[in-house]
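Quick caveat: nothing in here was measured; it's all calculated off a predicted structure.
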Amino acid sequence: MKTKEKQIEESLIEKLISLKYTYRPDIKDKLTLEQNFRQKFEELHKVNLADSEFSRLKDEIVTSDVFTAANTLRSTNLFFRDDGTPFHYTLVNTKNWCKNDFEVIHQLRINTDNSYQRYDVILLINGIPVVQIELKALEVSPRKAMEQIVEYKSAHGNGFENTLLCFMQIFIVSNRSNTYYFVNNNRKHFAFNADERFLPVYQWANEENYKITHLDDFSNLFLAKCTLAEMISRYMVIIANEKKLLMMRPYQIYAVKAIIDCIKQNRGNGYIWHTTGSGKTLTSFKASTLLKDNPNIDKCLFVVDRKDLDRQTREEFNKFQEGCVEENTNTETLVQRLLSDDFTNKVIVTTIQKLSIALSENSRSNKFNNKTEKISYKERLEPLRDKRIVFIFDECHRSQFGENHQTIKEFFPNSQLFGFTGTPIFAENAIYTKREGQEASLLTTKDIFEKELHAYTITNAIDDRNVLKFCIDYFKLEDTKNPKRKVQIGSDQAKEAIVKVILNKHNQATNLKRFNAILATASINDAIEYYQLFKNLQKDIVESDLLLNVVAVFSPPAYGNRDIQQLQEDLPHEVEDNKHDPEGKKAALIEIISDYNNKYSTNHKIEEFDFYYQDVQKRIKSQEYPIQDVPRKDKIDIVIVVDMLLTGFDSKFLNTLYVDKNLKYHGLIQAFSRTNRVLNDTKPNGNILEFRQQQAAVDDAIKLFSGQHKNQAKEIWLVEPAAEVIKKYDKAISGLERFMNSQGLTFTASDVNNLKGDTACSEFINQFKEIQRLKTQLDQYTNLTTEQEQIIQDLFPTEQLSEFKASYLETAQKLRNKQLKKDAVISEEVRNTDFEFVLFSSAIVDYDYIMKLVSNLMNDNTSKHKMLREELMGYLETTSNLMGEREDMKEYINTLKTGEALSIDAIKQGYMLFKEQKFSRKLKEISKDYGLNAKELETFVAQILDRMIFDAEQLSELLAPLDLGWRERSQKELALMEKLVPLLKHQTQGREISGLEVYE
């Protein structure tokens, strides 16, 4: 171990001893770890276990399933003694978390049959390992450090699967100055997928969101015994239906504590200002579940304001804890559950509308009950009047809430009300547009909820990279025929110009359709007109790749339909709009839904509008799935809206908002925030293309919702101007050129192959990766001038850039193979290299696209043939999502005869046959080399691919006819699998084959 790492480790242990951890240098291996656990267990439960009983206890609790282990750690469990006596036990005291035993060990070695691993520092609670701390001497990328732990944990026979290490809850990585932490999970949630979306990595922060990164400070605050046990007991969430562990972020924990303290001290009402996209549902869920265990609280109601959010929130709550919230199909069900003493009905998710119907004297149901001399809902709820009830309101700024606030307070005088909002109502933004030309006012958030309990603003979230910055392009529309004439906002001429801009800019804004977009319009009539314009302007486009899938969604005239009325509760603009020519709007929506049915083979109708609305939302979110799973024709590129989807709708694959409506303050921030969910480096920011020159309104909104950071707000919220990014791009290219020259090489892609040594190759990877990241960012600026576009082209011409991309992918693949190779001797720099292949992937260039290009090539006998071939080979060389198929495709193309006309289907079938024959030839070569029966080897491999499971017994049967001794058989097995593993992985395109990892 490096001296510096040893010094950091010794310093940390001293710190933990000062925090009253018991230092146990004697615990160094699996045996001493288990002996210590046995001693702690027997002391905790005042019991003496026989050796056979302890052995059975170990077998029962040790599991390879992280989710099961996490539940066992927190539950009261049942064990039967040797004489049959039942014995209930717990591993950790999660109620009184300070009353546990805390120890620190280091350099633990776990000896198993298949591994010999060592861990820097581990923290034990009651003898159970719950925290692993890995210390680094070098500056470390948290993402790369996490990847190393993931690979380490995934090694076959690791101690995490078959020893007490299975109870590990938290991993911490630190180089002393920077400290990060993340939670343990099963492999499905603890791996790096093709799009390089990573598990959440956290940094601790105080209540003002000041980062605590130094290991000493972090230890004082996070690793203090009671704090750590509280984190594990209260603020980790076990998601039942995904079998996944989550850790709440610091600001979420502070918000929950603030609510709990306010209730404990009975200090009235309060609100939590947590920006859109910061995980308010998880925060409110944890607050609700902690209140469920509070005997002083009779009921906890989580109140949303729309039917779709009722469903969405209920699903989210039940995702966190299966069956914790049931559906209230109507007000009667809500009333029954309010009156129920059943513990499962203590936490209720409902809509403000159902609550209002139950409590209002003037509600239709209560009036009807009075007329028929039945007991009204309100009278039936009378026994609850003096009960202590907590109401938690989601997005508490909605317009109708103020009207119901007084009713709730009057009926439940002992209640406490808490609101969550991403955009509070202040005096400045208390006016909102009810319809173009009509305004109404709201109560401020402070008027209703009295005091702010905790704030985590969008400025904090952007600064933390929990949400993205915005890139705002203010488009000034010009009359192409008469540039001096001003185009009137909202005019037919303006709409047509906007549609043409969108058709021209959409690929650029959405990273070649990797993402999708919303077009926000000023009225239902405008939405209808826009829909028709897209339809008309695209009618002559034949190429499906060039066609944008455009849909529209706005609420129909209600005509007394309760579902529609409830949906429109927070759509005042659309309600007002529908009062004017309702039949015309209904007819237009019927046509839009009919087009949708034809396009997507669905069967929606306006009478069941909610199903259509849900389908649109699902289809927008389906953008995340690769084209081979969800074809492009089944996706949505642009959805036209008036008010819908501009609040409360989240999709990481939506990155662009086109704006042709007046927005301000909270409405503006809510709408913009649909675009800024974090994904990876292919989505550097949320894009806003604004067509009404509302820069002043944007500046006002940023200033109002920046909390304490008003002076730096624009700098934090908005991306750098394109000119600044171009300077960085220029600097990065110059840096790469200097590096190549320092290696005695020219600045050409071909000379990348002449780099000597892995360290030099790794440096090239790091430098060119930065160039590609900046280029990806520049490619999504929609406001580049012609001059700027030319500068970017001159700095790194397209052809030269493509050549360097190909060299990058080839070099990266070589280094990646070395990283993955067992026992490979490679430098620390290479081991820490992060390739970020996602930066080089394409949403357009996929299998189908390549097959179409091959077809075009084979059907072309003109002078364009060479150009088409170069274009095709260029795509194969420079696109990372085709890396697995590249060589096969090249070989197949070279087998085709020029001028032989073939359809796309024929080319696809030919390619599949080519791959099957190539695979079969390789298997025959292997069977010959190893003296195996070719048919039996083919059957063995086919069964692996069919079941995606490697069966060691079948391998033994395959090798049995060779009649080898155990040593020779073992050598033969390893040599054979060394040949088979790459073939199997190639066939599965990276999908995991269970049981194969032992040979990888």
L704 backbone acceptor or donor facing E428 side chain under 3.5 Å:
no
Quick one: does T445's side chain have a donor or acceptor within less than 3.5 Å of a partner on I425's backbone?
yes
Got a sec, which residues hit side-chain contact (heavy atoms from CB on, under 4.5 Å) with A552, two or more places apart in sequence or on another chain?
Y531, I592, I640
Side chains of I792 and L784: does their closest heavy-atom pair fall under 4.5 Å?
yes
Using distance alone, with no hydrogens and no angle criterion, decide if T647 and Q670 have a side-chain donor and acceptor under 3.5 Å apart.
no
Is it the case that D699 and Q695 place a side-chain donor and acceptor less than 3.5 Å from each other?
no
Can you check side-chain contact (heavy atoms from CB on, under 4.5 Å) on I498 and L477, steps first, answer last?
CA-CA 8 Å; I498 288 168; L477 299 172; 3.7 Å; yes
So that I can tick it off, tell me whether K579 and E576 are bridged by a salt bridge, with the cut-off set at under 4.0 angstrom between side-chain N and carboxylate O.
yes
Side chains of F534 and L519: does their closest heavy-atom pair fall under 4.5 Å?
yes
Is R674 positioned over the aromatic face of F649, cation under 6.0 angstrom from the ring centre and no more than 45 degrees off axis?
no
In plain terms, say whether K661 and D643 are close enough for a salt bridge, that is, a side-chain N and a carboxylate O under 4.0 Å apart.
yes
Does G584 offer a backbone N or O that forms a donor-acceptor pair with the side chain of D581 under 3.5 Å?
yes
Using a 4.5 Å cut-off on heavy atoms from C-beta on, say whether the side chain of I518 contacts that of I638.
no
Taken to the nearest 0.5 Å, the spacing of I791 CD1 from T786 OG1 works out to 11.0 Å
Side-chain donor or acceptor of N687 paired with backbone N/O of A509 under 3.5 Å:
yes
Tell me if a side-chain donor or acceptor on Q538 pairs with a main-chain N or O of L548 at a distance below 3.5 Å.
yes
Between Q777 and P684, is any pair of side-chain heavy atoms under 4.5 Å apart?
yes
Taking only residues two or more places apart in sequence, or in another chain, which ones meet D779 in a salt bridge (Lys or Arg N to Asp or Glu O under 4.0 Å)?
K775
Evaluate the ring planes of Y658 and H506, with Trp represented by its six-membered ring, and classify them as parallel (under 30°), tilted (30 to 60°) or perpendicular (over 60°).
tilted
Does K505 reach the main-chain N or O of L689 with its side chain, forming a donor-acceptor pair under 3.5 Å?
no
Ring centres of F420 and F393 under 6.0 Å apart?
no
Give the C-alpha distance, both sets of side-chain angles, the deciding distance and a yes or no for salt bridge (Lys or Arg N to Asp or Glu O under 4.0 Å) between D577 and K585.
CA-CA 9 Å; D577 257 8; K585 292 178 173 63; 5.8 Å; no
Compare every heavy atom of A697 with every heavy atom of L663, then report the nearest pair and how far apart it is.
O-CB, 3.6 Å
Please identify which of these residues, V698, V719, T675, meets the side chain to side chain contact (heavy atoms under 4.5 Å, CB included) condition with F470.
T675
Rounded to the nearest 0.5 angstrom, the CD-CZ distance for Q623 and F653 is 8.0 Å
So, Q793 versus T798: side-chain donor-acceptor pair below 3.5 Å or not?
yes
Decide, yes or no, whether a salt bridge links D700 with K664 under the criterion of side-chain N to carboxylate O below 4.0 Å.
no
Less than 3.5 Å apart, any donor N or O on the side chain of Y530 or D660 sitting next to an acceptor on the other?
yes
Is K469 close to L718 at the side-chain level, that is, under 4.5 Å between some pair of heavy atoms?
no
Measuring from L503:CG to L547:CG, what's the distance to the nearest 0.5 Å?
9.5 Å
Residue K535 excluded, over 12 heavy atoms near NZ under 6.0 Å:
yes
Can you measure from OH (Y665) to CD1 (I702) and round to the nearest 0.5 angstrom?
12.5 Å
In this structure, NZ of K500 is separated from CG of L533 (nearest 0.5 Å) by 9.5 Å
Quick check for you: to the nearest 0.5 Å, what is the distance between I669 atom CD1 and L646 atom CG?
13.0 Å
Please give me the minimum heavy-atom distance between K683 and L654, naming the atom from each residue.
NZ-O, 3.1 Å
In the structure I gave you, are the side-chain heavy atoms of W717 and S706 within less than 4.5 Å of one another anywhere?
yes
Check N578 against S555 and note the closest heavy-atom contact, atom names and distance.
ND2-O, 2.9 Å
Are N597 and D595 linked by a side-chain donor-acceptor pair shorter than 3.5 Å?
no
Would you name the heavy atoms of L657 and A671 that are closest together and state the gap between them?
CD2-O, 3.6 Å
Could you tell me whether the side chain of E690 and the main chain of Q693 form a donor-acceptor pair under 3.5 Å?
yes
Considering only heavy atoms from C-beta outward, does the side chain of D615 approach that of H604 to under 4.5 Å?
yes
State, to 0.1 Å, how close V487 and S491 come at their nearest heavy-atom pair, and which atoms those are.
CG1-OG, 4.2 Å
Exactly one candidate in N783, I726, L778 meets side chain to side chain contact (heavy atoms under 4.5 Å, CB included) with Q788; the answer is I726
Give a yes or no answer on whether the side chain of R677 reaches the backbone of D650 with a donor-acceptor pair at less than 3.5 Å.
no
Within the supplied structure, the quantity of interest is the number of heavy atoms (other residues, nucleotides, ligands) at a distance under 6.0 Å from Q488 CD; does it exceed 12?
no
Work out which heavy atom in D637 is nearest to a heavy atom in N516; give both atom names and the distance.
O-CB, 3.2 Å
Full working for side-chain contact (heavy atoms from CB on, under 4.5 Å) between I620 and L645:
CA-CA 11 Å; I620 295 170; L645 301 178; 3.8 Å; yes
With a 4.5 Å limit on heavy-atom distance, are the side chains of N549 and Y600 in contact?
yes
Under 3.5 Å, is there a donor-acceptor pair linking the side chains of Q532 and E591?
yes
Does a side chain donor of either D473 or T782 reach within less than 3.5 Å of an acceptor in the other side chain?
yes
